[in-house]
Engineer: 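Let me give you the structure first, and then I'll get to my questions.
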Protein chains: 2
Amino acid sequence: MTIGRLAEATGLSKSGLFAHFKSREALEVALLEEAARLADKHVVEPAMRNPEGLPRLMALVGLWFGWSARAGLRGGCPIAAALFELDDAPGMVRDAVAALDAKWRTLLRDHVQQALDLGHLHAQTDRDQLVWELGGIYLAHHSSMRFHRDPQADQRAQFALIALLQRCGADPVHL
Amino acid sequence: MTIGRLAEATGLSKSGLFAHFKSREALEVALLEEAARLADKHVVEPAMRNPEGLPRLMALVGLWFGWSARAGLRGGCPIAAALFELDDAPGMVRDAVAALDAKWRTLLRDHVQQALDLGHLHAQTDRDQLVWELGGIYLAHHSSMRFHRDPQADQRAQFALIALLQRCGADPVHL
DNA sequence: TGCAGAATAGCACGACCGTTCGTACACCCA
DNA sequence: TGGGTGTACGAACGGTCGTGCTATTCTGCA
C-alpha cells in the first residue's frame, strides 16, 4: 500500500494524509498498530469469554485462523505478509512487526501454560514448540486461503490443530 | 528485485538485460524457473539416492527445509515469498508460482503414496493433509530462519516433522 | 467578531520504476 | 566484401513513489 493510493481511498490528499505521519514508515507502523487493535477485538477479546485452559486456547487459535478476512483486511494478515517480505529489510516497520509477533506468541504461550497448569495438556509439553507449530498451521492456512483459494483450508487447519493438541495430550472432551 | 538492481549486480546495463526478456514479468518467470532448477539439483536429485518409501520422503523433506539458503539464494525461497506477496496479483508470475508449487506438492504426494504403498505409513493416512501440514512446517521454518533468525529453527522443524510422521504411523526405525 | 493554531490542499522536487528507441559492435554466411 | 543477425549500450520517456514547502480552509476560544 502506497501513500497515494491510501490517500485516494480515504478521500484525503496525499500531502494532507502525509502531514499526520511524518514518514512512510511511521504510517506503516500506525497501520500495523491499527491492525493489532482489530486483532484484539476480533480474536483476543471474544476468545477471553471462554473458560480458562484448553477451551480458551482452542477459541484463541480458532479465531486466529482467518481473522484478517473477518476483520475486513483485504490484504490478508499484515504480520504474515511481513514475515516473508521484510526478512532482511531492517527498519522500524520490521521492528514493529517483530514486536507484535513476539507479543502474540507470548500470549499464545501463556495460554498454553494455563492449559498446562490446569492439566488439560501433558505436563511435559514443550510450550514453545507447540506455539511454533501452531504458527506453521496458521501460515499454511493463510497461504491456502489467499493464494490457492482452497475451499478446504479451514478443515485442513482444523484437522491439523486437533491432531497437534491430541499429541500434546489434550482432553478429547474439549476438542 | 528490480531490473535496474539486477542489471547492476550482473554488470550488464539495464537495457541490455531487458533485451533478453521482453518484460519484467517474463524475467521474473525465468528467475523462478532457474530457482526450480536449483531446487531440483539441491533437493530432489540427492533425495532420490535414498531407498524408496519413508527414507526417501524423509530425505526429500529434510533437504527441502532450508534449501534456498544452501542453494545460495539470498532472498530465501521465492515460492514461499510469492505465496504471501502475490496473493491477489494475477498475472503470469502468479501463474508460474502456482504451477511450480503444484508440481512440488504433487511430487511430495507421490512419495507419500509410495511410503504408504510400502507400508511405511498407516494405510488410512490422508495424503493431501500430510502434504498440507508439511507445507506448514516448511513455512514456519522459513520465517523462523529468515525473519526471526531463530537458531532453533532447524530442530523445531525436525521435531515437528518426526511428530507428524509418527502420527501417520511411520516406522520409528526410519526416523 | 477576530484570531491563533490545527488540518488539509496544491504543487514541485528528486529518485527510481519498467520500457522504448536509436545505435554500435561482433559475428556468420552469401 | 557486404549484409543480416544477435547482443550490448546510453539516453530518454511517462509514470509513480516519498517527501518537503507554501497556501488555504476550518475550528474553537477570547
Side-chain angles (χ1 to χ4, degrees), chain A residues 1-38 68 72-100 146-147, chain B residues 1-38 68 73-101 146-147:
Chain A
M1 188 46 73
T2 83
I3 294 188
R5 260 190 263 272
L6 188 63
E8 194 177 343
T10 58
L12 289 185
S13 72
K14 223 169 62 154
S15 50
L17 194 159
F18 182 80
H20 286 285
F21 320 88
K22 299 188 308 181
S23 74
R24 191 194 94 111
E25 285 199 312
L27 186 149
E28 286 192 6
V29 171
L31 243 37
L32 278 172
E33 281 163 1
E34 177 58 24
R37 229 165 290 129
L38 277 175
S68 59
L73 296 182
R74 269 192 232 185
C77 173
I79 304 271
L83 285 183
F84 291 82
E85 279 181 46
L86 307 178
D87 306 52
D88 39 8
M92 37 190 279
V93 180
R94 202 200 122 102
D95 294 346
V97 170
L100 287 176
R146 291 189 52 82
F147 188 93
Chain B
M1 186 46 72
T2 84
I3 295 186
R5 260 191 264 273
L6 188 62
E8 194 177 344
T10 56
L12 291 184
S13 71
K14 228 169 58 154
S15 51
L17 194 159
F18 184 81
H20 287 284
F21 318 88
K22 300 188 305 181
S23 73
R24 191 195 94 113
E25 284 199 314
L27 186 149
E28 287 191 5
V29 171
L31 244 35
L32 277 172
E33 280 163 3
E34 176 58 23
R37 230 166 287 129
L38 278 175
S68 59
L73 297 182
R74 263 186 237 195
C77 172
I79 304 270
L83 285 183
F84 290 83
E85 279 181 46
L86 306 179
D87 308 49
D88 39 8
M92 38 190 278
V93 180
R94 202 200 122 103
D95 295 345
V97 170
L100 288 176
D101 186 69
R146 291 189 50 82
F147 188 93

Engineer: I'd like a table of atom pairs between the protein and nucleotides 3-6 of chain D - only N or O on both sides, under 3.5 Å - with the distance next to each one.
Structural biologist:
none

Engineer: Hey, what are the protein-to-nucleotides 17-21 of chain D N/O distances that come in under 3.5 Å?
Structural biologist:
unit_1 : atom_1 : unit_2  : atom_2 : d
D/dC17 : OP1    : A/Thr2  : OG1    : 3.1
D/dC17 : OP1    : A/Arg5  : NH2    : 3.3
D/dG18 : OP2    : A/Ile3  : N      : 3.0
D/dG18 : N7     : A/Lys14 : NZ     : 3.2
D/dT19 : OP2    : A/Arg24 : N      : 2.4

Engineer: Between atom CZ in B/Phe21 and atom C1' in C/dT20, what is the gap in whole Å?
Structural biologist: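 For the pair B/Phe21 CZ and C/dT20 C1', the rounded distance is 18 Å.
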Engineer: With sequence neighbours excluded, what pairs up with A/Glu85 under the salt bridge (Lys or Arg N to Asp or Glu O under 4.0 Å) test?
Structural biologist: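 If we apply the salt bridge (Lys or Arg N to Asp or Glu O under 4.0 Å) test to A/Glu85, skipping adjacent residues, there are no hits.
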Engineer: When we call it a touch if two heavy atoms are under 4.0 Å apart, what does B/Leu12 touch: a base, just sugar-phosphate, or nothing?
Structural biologist: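 Since only primed, P, OP1 and OP2 atoms lie under 4.0 Å of B/Leu12, the category is sugar-phosphate.
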Engineer: Of the residues in residues 86-100 of chain B, which ones touch DNA chain D at a heavy-atom distance under 4.0 Å?
Structural biologist: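 Within this stretch, nothing sits under 4.0 Å of the strand.
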Engineer: Which residues satisfy the side chain to side chain contact (heavy atoms under 4.5 Å, CB included) test with A/Arg74, sequence neighbours excluded?
Structural biologist: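 Residues passing side chain to side chain contact (heavy atoms under 4.5 Å, CB included) with A/Arg74: none at all.
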Engineer: Quick one: closest heavy-atom pair of B/Leu100 and B/Leu32, and the distance?
Structural biologist: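 So the two residues come closest at CD1-O, 3.9 Å.
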Engineer: Restricting to side chain to side chain contact (heavy atoms under 4.5 Å, CB included), what partner residues turn up for B/Ser23, sequence neighbours left out?
Structural biologist: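 Applying side chain to side chain contact (heavy atoms under 4.5 Å, CB included) to B/Ser23 gives B/Glu25, B/Ala26.
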Engineer: Salt bridge (Lys or Arg N to Asp or Glu O under 4.0 Å) with B/Glu34: which residues, sequence neighbours excluded?
Structural biologist: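 Applying salt bridge (Lys or Arg N to Asp or Glu O under 4.0 Å) to B/Glu34 gives B/Arg37.
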Engineer: The criterion is side chain to side chain contact (heavy atoms under 4.5 Å, CB included); which residues satisfy it with B/Leu27, sequence neighbours excluded?
Structural biologist: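 B/Leu27: side chain to side chain contact (heavy atoms under 4.5 Å, CB included) contacts with B/Leu6, B/Leu17, B/Phe21, B/Leu31.
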Engineer: In what stems does DNA chain C take part, counting only runs of at least 3 consecutive Watson-Crick or G-U pairs whose two distances fall under 3.5 Å?
Structural biologist: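 Ordered by first number, the stems with DNA chain C (at least 3 consecutive pairs each) read C:1-30 with D:1-30.
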Engineer: Please list, chain by chain and in numerical order, all residues satisfying side chain to side chain contact (heavy atoms under 4.5 Å, CB included) with A/Phe18, sequence neighbours excluded.
Structural biologist: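 Only A/Ile3 meet the side chain to side chain contact (heavy atoms under 4.5 Å, CB included) criterion with A/Phe18.
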Engineer: Below 3.5 Å, can you tabulate the donor-acceptor pairs from side chains in residues 88-96 of chain A to any protein atom, sequence neighbours excluded?
Structural biologist:
unit_1  : atom_1 : unit_2   : atom_2 : d
A/Asp88 : OD2    : B/Arg146 : NH2    : 3.1
A/Arg94 : NH1    : A/Leu86  : O      : 3.4
A/Arg94 : NH1    : A/Asp87  : O      : 2.5
A/Arg94 : NH2    : B/Phe147 : O      : 2.7

Engineer: Do you know the tightest heavy-atom contact between A/Cys77 and A/Ser68?
Structural biologist: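 Result for this residue pair: N-OG, 3.2 Å.
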Engineer: Considering only residues two or more places apart or on different chains, which pairs with a residue in residues 10-24 of chain B satisfy salt bridge (charged side-chain N to carboxylate O under 4.0 Å, His left out)?
Structural biologist: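 Listed once each, the pairs are B/Arg24-B/Glu28.
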Engineer: Could you tell me whether B/Ala19 contacts a base, only the sugar-phosphate backbone, or nothing, with contacts defined as non-hydrogen atoms closer than 4.0 Å?
Structural biologist: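 The residue B/Ala19 makes no contact with any strand.
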